[in-house]
Amino acid sequence: VDLMVKYDLSNLFTVPIPGLELEPFVGLGPGKLWMADQSGLTANVSFGVNHWITETFGLMLMTEYKHNLDDTDELLYDEGGTLRYSMMLMIKFGKSE
């Protein structure tokens, strides 16, 4: 389970790819994981871009580093940290501005 606060960077700089409007962001937050009889806290840092295909549908590309904070002698999960890459479909709900 992860909690992330995401900050939009598109007002500070743009990603220069012709024909695409990409909105860069960074994220930071804590997490908790469970595996077998062990559990641990994590610290998560992410960055990525959003691309809106239409006003309602978009894609998010994200890289996230997850660092394990608990110091246990025999960990079943990764002892240091993991780096993951994600691609997600986004759907906007509600009224448009």
Report task. Apply side chain to side chain contact (heavy atoms under 4.5 Å, CB included) to the pair L33 and N68, showing each step before the final yes or no. Result -> CA-CA 9 Å; L33 65 93; N68 296 322; 3.7 Å; yes
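- Side-chain heavy atoms closer than 4.5 Å link hydrophobic residues (I, L, V, M, F, W, Y) into clusters, and following such links, possibly through other members, connects M88 to M4.
- The two atoms that bring K32 and T42 nearest to each other are N-OG1, 4.1 Å, heavy atoms only.
- Rounded to the nearest 0.5 Å, atoms CZ (F93) and OG1 (T56) are 9.5 Å apart.
- Linking ILVMFWY side-chain heavy atoms closer than 4.5 Å, directly or via other members, places L22 and L12 in two distinct hydrophobic clusters.
- With a 4.5 Å cut-off on side-chain heavy atoms, D2 and K66 count as touching.
- In F47, the CZ atom is not crowded: 12 or fewer heavy atoms of neighbouring residues, nucleotides or ligands sit closer than 6.0 Å.
- Within the 3.5 Å criterion, the main-chain N or O of G58 finds no donor-acceptor partner in the side chain of H51.
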Requested in this report: Using the side chain to side chain contact (heavy atoms under 4.5 Å, CB included) rule, take F57 and I91 through it: C-alpha gap first, then chi angles, then the decisive distance, then the call.
Outcome: CA-CA 5 Å; F57 295 100; I91 302 172; 3.7 Å; yes
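- Side-chain contact between L41 and H67: absent, with no pair of heavy atoms (C-beta onward) separated by less than 4.5 Å.
- Between M60 and M90 the shortest heavy-atom distance is CE-SD, 3.8 Å.
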Report task. Take T54 and W52, measure what side chain to side chain contact (heavy atoms under 4.5 Å, CB included) needs, and give me the verdict at the end. Result -> CA-CA 5 Å; T54 67; W52 291 100; over 6 Å; no
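- M62 and L89 are not part of a single hydrophobic cluster, where members link through side-chain heavy atoms under 4.5 Å apart.
- The side-chain heavy atoms of Y65 and S46, taken from C-beta on, include no pair separated by under 4.5 Å.
- Residues W34 and V1 share a closest heavy-atom pair of CZ3-CG2, 3.7 Å.
- Rounded to the nearest 0.5 angstrom, N50 CG and D8 CG are separated by 7.5 Å.
- Closest non-hydrogen pair, F25 versus V49, comes out as CE2-N, 3.5 Å.
- L59 has its side chain within reach of I53: a pair of non-hydrogen atoms, C-beta onward, lies under 4.5 Å apart.
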